[in-house]
Amino acid sequence: MSTEVAPEPVRSRRFKFNWVDGFLWFLRVAALIAIVVGVVGSIQQFADGEGPSAAAWRDLIVSSISTGSMYGLIALGYSMVYGVLGFINFAHGEVFMSGTMVGLISATMLFENGFWDSNPWISILVVLVVAMITSTLVAVAIERVAYRPLRGAPRLIPLITSIGVSFFVQYSFAGLFGVAIRNYPPAPSQLSGNVDILGIPIAGTRLLVIGVAVVSMIGLWYFVTQTKTGSAMRAVAEDKEIAGLMGIDVDKTIVTTFAVGGAMAGVAGLLWALLFRGVDFLTGFLPGIKAFTAAVLGGIGNMPGAMLGGVLLGLFEGVGPQLVLAGLGIPAVSQLKDAVAFAALVLVLIFRPTGLLGERLGSEDRV
Amino acid sequence: MPLLEIRGLEKQFGGIKALGGVDFHIDEGEIVSVIGPNGAGKTSFFNVISGMFPPDDGTIVFDGDNVAGHLPNEITKRGIARTFQNVRLFPNLTVLENVMVGQHCRTKQGIWGTIFQTKAQREEEQMIEDNAKEVLSFFGTRLAGYRHDQPAFVLSYANRRRLEIARAMATEPRLILLDEPTAGMNPKETVELTELIGKLRSDRGLTVVIIEHDMKVVKNVSDRVVVLDHGVKIAEGDYDTVSTNEDVIEAYLGRPHGEAGDDEESEYE
Amino acid sequence: MSLDPLTRRWGLIGGAIMAFTGAIGMLVSFDERILISPILSLGYLTLLLAPAIAGHMAARGKVSVLEEPEHDVAQGAQKGLVAGLIAGVFAVVFMLAVNPFDLSEFFPNINDRMFDMMTFDFGLGLGSVVLIVASALAGAAGGAIYGLDDEPREGVFRSAIWVILFSLFELVVSDVIEVDAIVDLIYARGGGLHIWSAIIIGVLAWWLGVRYKGRRAELTQMAKDSEAGSRLRWSLIGVAALLVIVLPMLVGGIVNELLINVALFILMGLGLNIVVGLAGLLDLGYVAFFAVGAYGMAVLTSPLSPAFSPELNWWVALPVVMVLAAIAGVLVGTPVIRMRGDYLAIVTLGFGEIVRILILSDWLTPFLGGAQGITRIPGIPLGATSVSGTSPELFIYMTMLLVGVAAYISYRTQESRIGRAWAAMREDEDVAEAIGISTVQAKLLAFVTGAIIASFAGALFSAKVGTVFHNSFDVLVSIIILVVVIVGGMGSIRGVALGALILIGVLGGPKSQGLLGEFAEFKLLIYGAILVYMMLQRPEGLLPSVRRSRELHQEEAAQDAWLDKKGSFIEEPEASV
């Protein structure tokens, strides 16, 4: 008893306009216009001979990339943990901080007996190893005490726990080391000069930072793609239950993930010391959040993405204020560095939550 | 004019065509079954009608208006309610609350009424509760009495399915989409539910689209059967015509000559 | 005798805690607070609590659901003794290991004062023995307490808790009593209870507990009954309200100041509770709305507001501030409307920080005063007087008024159409939308309501302090409000109040001091530890809402319901699942 279908004009895709989408589009357009106007303004200023010189711009870019590659290394830890356990390990910034703080002890001791200046490379290697071991141990301990009992808990519980862990670690270090900012010894003389690359002078420390980051990244890439442990990690990230059925020790793999992420944070701890020297117990907070931004920017769960995201975020916050905000006539833009980083975070999460290299973020992944 | 008329509905998920231009219509007061093998796109069909995913192309005309691309809550408000294949209740709300929350789109008290406890608010709250109890009484003793204050997660599987239907009924729909309502039920419960589906029309005046695997149920309830396979409608008609249709048999049993090819289509439901 | 691995483990954990609290300077710092003069300071309580808990846990052993736990004093004490011994030895080994080196350059708190404290001033040799013995005894006591029968065990706990409460709340109690002669009877001059007053309090607590045990059971029974229960609830609320009204009159300025802070956090907690607890949106940038309230009020009322200074009356400005907060709620809420869970948390965190950085920046200094902030914000005009932080006795009532408003709003919305929509959305957003709830509206409503309540707090805050600076609005505030809500119990009004009282009142808020104000440096450490502990052991909070605890204990509840059903007479043919 099928009825005769009345002929009706078929208008496809008459999708209802939704004001939330409208608002988001407005934001997109506004952000784009602001960026374009700002960049044009800055170029104008540059042409008029105002603002930073060409050399200053170049230094800004190089330093942004080196800071960014440090963010990238921290971001790896966020990315890997998110990939495997599906939550933001808020305390990862503290893992990084613990590496720099303990590394400081070894650096100071080496400096005091003159070894730092006589054998700079070995000294840096020692500090690197100390920082890596510390960060790894802290990361593994956190996993054991705070996260392991929470397997299978509702999604937000581990996140909230990690906030608590973050506080606990921060203020434990405040208690252990005191609250004052302490400085690493000055970089060895071999590093303080400039190195010419393709005719461009680049500060030695920055070059070292970029180099160390790239080497660690390659090492990690090799580890994850070429070793058995690495493939176990990827399997666990894909599906814990199935991986367990396939004979993979899930708990052990998760510990390995934390350990590797911690080790990378330890490397980043050394890089922080080379770049900024000053450390205190709050050192981990901002880089931590920025590294998380970097991980999201590159596509969370994606390792090359984390590194790319780190460098991009470094550029955003380093160059962005000068390039965009100064062009808009905003005073004292360098104060807004962190705001730019956070704005980048907000914009990325709103407009491209899968990140640049992220593949999928199904609805379950985002619940 | 049909109550719901769908033309050329298309939906892709990452390169896989879940729906490839489906035409469909249902008249007021009809009960139509949608059948098809696993992965035929039946649930996608429901998801697109109910607005959980916007269609890539096509029109969905409900009661004279094209609702394609509207948000799910707007579509529910217009009078299309649904249940889910894998029963999705609000497990920590009580049975009664689960049904009360279904009344949301038919009620309107806002924050002011709530804060100042206006007369209108109190009356509406009472009405919501009465309506919810009335809807639950549709299932006889199954969801009655002490059950009202139990959290939904303590219910048995069959009762969860019933509660989900009750929640859908509470939205006061004209058209209700039931996604495998008898899945996981024992024969006795299945018979009972089959009767209930008939009562949805006779007592409540609802139009029903039902996805079902149990052919006995399909045979007993439906005026008309629509068969989907690989996102395309391959047959339509009353149960006897469809059940003897060669394409349908082929879709369920595979091609007689065993051609290789798309047999391994993924299970996108 | 073989060593039970669990005992060893708890002993080592206890020892590690002793060493850790020593190394971070907590013990030395806490030693300055006398609890019972002259024998017990907070420092020694902390030091010996670690082995005591270790002993208790060792005696408890593995908890089995199937077997009734054994209670045997001697056995418990023995296990506890071993655990405490291990803990003490661990602590001593730690001290001996670090003693030869001068670590003060890196670890300023591993110093002579720490050694003196941990060795009871007996020197490292004799002191180590004393520490081990004390630790073992504490462990044995902890274990023995576990071994006691239910009734005496509860009595011991009750006495201990009341003695500690009385000594911690010395300031409040002496404020309430006021008569110096009586205060001197209870408390020693240098702080802390007298030994005899501690004993009296302990015995009294025990005796009253035993005396009113039956009465308490009666009340619990009454609470279950619906009609008597509601009467009971209302009378409890009445008593609480009376206490809330009378208490500020009895206590002095310092305690009132503290109560105002508690009340401000209850206010913000209630607001955040709507967003997180009811609607399930984890907002880590909640402080931004507090900032909108505070700065909005500052700009509108202060004569020193840099750019725009209408110098309005507080009461006139309040609605304007509320509107501003509502707009801010929509502005923050709209872009994040499609976001879920942890991404939402991070984006809101980003928003909160952006607001603070912008306030501080030179760019907005012409409007908001930058690092100088805005000063000379007038108080709240009330009749002829102006109520501000300088008269905390009056200000507390203003704060409580708005807390009442916020609590009423939360209470009413919870069990309403809106509250149900929020609950549904929290449980399953897709389904909520599919059954006709506009999640856009529901989320925005939650954000806006939360924002307005936070702006109340901001408006009160600026009138109280008289100045606003950027540093009152950092991310720490957001997180502490969240901790208050979580510790108290998400979705529960009483929970939020309790959480704020315990955390803000005792430990102190981000910028304010609690009753343990002198230990500000360990405040956030304790916050972090509490948060982790709560998440691991009691995620639903101290006073949970019914729904929340269902959510977190679904399996157990399902089992209980199944057991109940088995025992009941209702018979139904159900499909076996």
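Just so it is clear: chains get the letters A, B, ... in the order the sequence lines come, proteins before strands, and each one is counted from 1.
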Q: Classify the angle between the aromatic ring planes of Phe177(A) and Phe107(C) as parallel (below 30°), tilted (30 to 60°) or perpendicular (above 60°).
A: tilted
Q) With side chains defined as the heavy atoms from C-beta onward, is the minimum distance between Leu516(C) and Phe522(C) less than 4.5 Å? A) no
Q: Pick whichever of Leu176(A), Leu24(A), Val169(A) has the most heavy-atom pairs under 4.5 Å with chain C.
A: Leu176(A)
Q: Pick whichever of Phe351(C), Phe20(C), Tyr527(C) has the most heavy-atom pairs under 4.5 Å with chain A.
A: Phe20(C)
Q. With a 4.5 angstrom heavy-atom cut-off, which part of Glu429(C) approaches chain A: side chain, backbone, both or neither?
A. neither
Q) Are the aromatic ring centres of Tyr82(A) and Tyr78(A) under 6.0 angstrom apart? A) no
**Q.** Top of Leu525(C), Val532(C), Val347(C) for chain A proximity - count of heavy-atom pairs under 4.5 angstrom
**A.** Leu525(C)
Q.
Counting only non-hydrogen atoms closer than 4.5 Å, does Ile346(C) touch chain A with its backbone (N, CA, C, O), its side chain (CB onward), both, or neither?
A. both
Q) Do Arg151(A) and Leu85(A) come close enough that some side-chain heavy atom pair is under 4.5 Å? A) yes
Q.
Just so I know, are the side chains of Asn113(A) and Met109(A) near enough to count as touching, which here means a heavy-atom distance under 4.5 Å?
A. no
Q) Who among Ser29(C), Ala345(C), Ala23(C) has the most heavy-atom pairs with chain A under 4.5 Å? A) Ala23(C)
Q: Compare all side-chain heavy atoms of Ile289(A) with those of Phe342(A) and state whether any distance is below 4.5 angstrom.
A: yes
Q.
Which one wins on heavy-atom pair count under 4.5 Å against chain A: Asp428(C), Leu536(C), Leu344(C), Asp362(C)?
A. Asp362(C)
**Q.** chain C contact via Val145(A) - which portion, at a heavy-atom distance below 4.5 Å
**A.** backbone
Q) What residue in Phe87(A), Phe285(A), Tyr171(A) has the most heavy-atom pairs under 4.5 Å with chain C? A) Tyr171(A)
**Q.** Toward chain C, the part of Leu27(A) with a non-hydrogen atom under 4.5 Å
**A.** side chain
Q) Based on non-hydrogen pairs under 4.5 Å, which of Ile530(C), Ile486(C), Ile479(C), Ile337(C) is most in contact with chain A? A) Ile479(C)
**Q.** Sub-4.5 Å side-chain heavy-atom contact between Phe292(A) and Ile88(A)
**A.** yes
Q. Should Gln335(A) and Thr365(C) count as side-chain neighbours, where that means a heavy-atom distance under 4.5 Å?
A. no
Q. Where does Leu531(C) contact chain A at under 4.5 Å (heavy atoms): side chain, backbone, both or neither?
A. side chain
Q) Using a cut-off of under 4.5 Å for heavy-atom pairs, which of Val296(A), Leu150(A), Ile330(A) has the most such pairs with chain C? A) Ile330(A)
Q) Are Val475(C) and Leu284(C) side-chain neighbours, meaning at least one heavy-atom pair lies under 4.5 Å? A) no
Q.
Please identify, among Leu325(A), Val348(A), Leu104(A), Ile160(A), the residue contributing the most non-hydrogen atom pairs under 4.5 Å to chain C.
A. Ile160(A)
